[in-house]
Amino acid sequence: MPELPEVETIKNYLKRFVVGRRILNFENLNKKQIKVSENDVVGKKILDIERMGKILIIKLSGNKNLTAHLKMSGQFLYFPRNLEKGDLKYARAIFKLNKGYLVFNDVRKFGWLRVGNEEIQKLGIEPFSKKFNIKNLEKIFKQTKRPIKLVLMDQRKIAGIGNIYANEALFLAKINPQKPANKLTKIEIKRLKNSIIKILKRALKYEGTSSRFYLKPDQTKGRYQEKFLVYQKTSKDCSRCGKKIKKIILGGRSTFYCSFCQK
DNA sequence: AATCGTTCCTGATAGC
DNA sequence: TGCTATCAGGAACGAT
């Protein structure tokens with residue numbers, strides 16, 4: 001489940017591994033999710049890698065950009081050597097570069113890769129930007145009575161936060177995930193803003209969460225799963241008060257929180 | 001306009 | 001053992 005810290009980590013690795021390389025060959029192994037053809041990329045040079053929310057942007061020479069969303073189980077892996085059979089079990093797209101291979105893997109086939117920027121325009125505020133301030137958050141939260149956790153995960157409002165870090169940030173901010181967004185006080189909004197930044201930075205430091213599918217481009221795991229405060233910690237002791245962490249379903253998503261600490 | 005339910009997909013796991 | 005049913009989950013889409 002790549003969220004902002006995972007996609008940012010992938011971006012950082014790919015900057016080192018593939019920027020400056022030329023695409024010698026391209027193979028589309030699932031046209032339903034990969035909307036890129038050989039013509040779009042072969043012969044192009046990879047100029048830069050960027051990220052917006054959970055979307056990865058691959059900037060190519062000739063003023064053409066690719067965008068990618070990894071959804072549940074997508075991976076971008078880089079192999080400096082020749083590919084082996086095991087590398088390609090879930091491969092959906094393969095870029096042969098002038099040195100090594102970039103492979104888009106995706107077990108569940110929810111992810112996508114396409115030409116263009118359309119999806120980026122729909123995104124809300126970037127957490128690591130000036131716009132991520134109390135005033136704008138107040139505006140966003142005031143307009144809905146939906147549970148705060150669902151608002152945090154709404155990419156058109158705030159870009160990059162998914163289930164893991166919404167749970168973690170709300171715990172740190174001591175806010176109940178079910179609390180209607182428009183009921184948050186200014187103090188709570190301030191705490192939440194700081195908690196989101198703190199959690200995302202921490203997750204970035206540990207290079208993301210590898211609880212299921214996520215791997216970094218060098219095929220090693222992130223380590224934030226060792227640092228979870230509440231996520232997937234049902235019935236474990238709350239690190240703050242010692243009471244049991246609860247699991248509920250909110251908007252169809254698993255939600256973990258301490259009912260004593262988070263009011 | 002806001003919000004809710006459904007859909008996509010496959011591996012892992014639970015239950016018999 | 002081996003089968004089937006259920007579940008997880010981001011976000012687009014259609015329905016209300």
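Note on naming: letters A, B, ... go to the chains in the order of the sequence lines (proteins, then strands), and numbering restarts at 1 for each one. What you are looking at is a predicted structure, and each value in this text was computed from that prediction instead of being measured.
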Partner of A/Glu188 under salt bridge (Lys or Arg N to Asp or Glu O under 4.0 Å), chosen from A/Lys183, A/Lys193, A/Lys174, A/Lys179: A/Lys179

With no angle test and no hydrogens, is the base of B/dA12 tied to the side chain of A/Arg212 by a donor-acceptor pair under 3.5 Å? no

Base, sugar-phosphate alone, or nothing: which one does A/Ser73 contact when heavy atoms must sit under 4.0 Å apart? nothing

Take the protein atom CG of A/Asn163 and the nucleotide atom C1' of C/dG9, then report the distance between them rounded to whole Å. 8 Å

Going by side-chain heavy atoms closer than 4.5 Å, which hydrophobic residues are tied to A/Ile57, directly or by a chain of links? A/Met52, A/Ile55, A/Trp112, A/Ile120, A/Leu123

Which is true for A/Glu119 with a 4.0 Å heavy-atom rule: it touches a base, it touches only sugar-phosphate, or it touches nothing? sugar-phosphate

Comparing A/Arg108 with A/Leu150, nearest DNA chain B nucleotide closer to 5' gives the residue A/Leu150

With respect to the side chain of A/Arg146, which nucleotide from C/dA8, B/dT10, B/dC4 is positioned closest? B/dC4

Apply the side chain to side chain contact (heavy atoms under 4.5 Å, CB included) test between A/Leu70 and each candidate in A/Asn105, A/Leu56, A/Ile10, A/Asp106; give the one that qualifies. A/Ile10

With sugar-phosphate meaning primed atoms plus P, OP1 and OP2, does A/Met1 contact a base, only sugar-phosphate, or nothing at under 4.0 Å between heavy atoms? sugar-phosphate

Heavy-atom nearest nucleotide on DNA chain C for A/Met72 versus A/Lys122: which residue maps closer to 5'? A/Met72

Base, sugar-phosphate, or nothing: which does A/Gln155 touch, judged by heavy atoms less than 4.0 Å apart? sugar-phosphate

Going by ring centres under 5.5 Å and near-parallel planes (under 30°), is A/Phe110 stacked on C/dG10? yes

Would you mind classifying the nucleic acid contact of A/Asp154 as base, sugar-phosphate or nothing, using non-hydrogen atoms under 4.0 angstrom? nothing

May I ask you to list the residues sharing a hydrophobic cluster with A/Ile94, side-chain cutoff 4.5 Å, ordered by chain and number? A/Leu29, A/Leu77, A/Phe79, A/Leu83, A/Leu88, A/Tyr101, A/Val103, A/Leu215

Taking only side-chain N and O atoms of A/Tyr90, does any of them lie within less than 4.0 angstrom of OP1 or OP2 on B/dG11? yes

Between A/Lys54 and A/Lys247, whichever has its closest DNA chain C nucleotide further toward 5' is A/Lys247

Select base, sugar-phosphate, or nothing to describe what A/Lys145 touches, counting heavy atoms under 4.0 Å on all strands. sugar-phosphate

Just to confirm, is there a sub-4.0 Å distance from OP1 or OP2 of B/dT10 to any side-chain nitrogen or oxygen of A/Lys109? yes

Looking at every strand, decide which applies to A/Tyr231 at a 4.0 Å heavy-atom threshold: base, sugar-phosphate, or nothing. sugar-phosphate

Whether A/Lys243 engages the ring of A/Phe260 as a cation-pi pair (distance to the six-membered ring centre under 6.0 angstrom, angle to the ring normal within 45°) should be assessed. yes

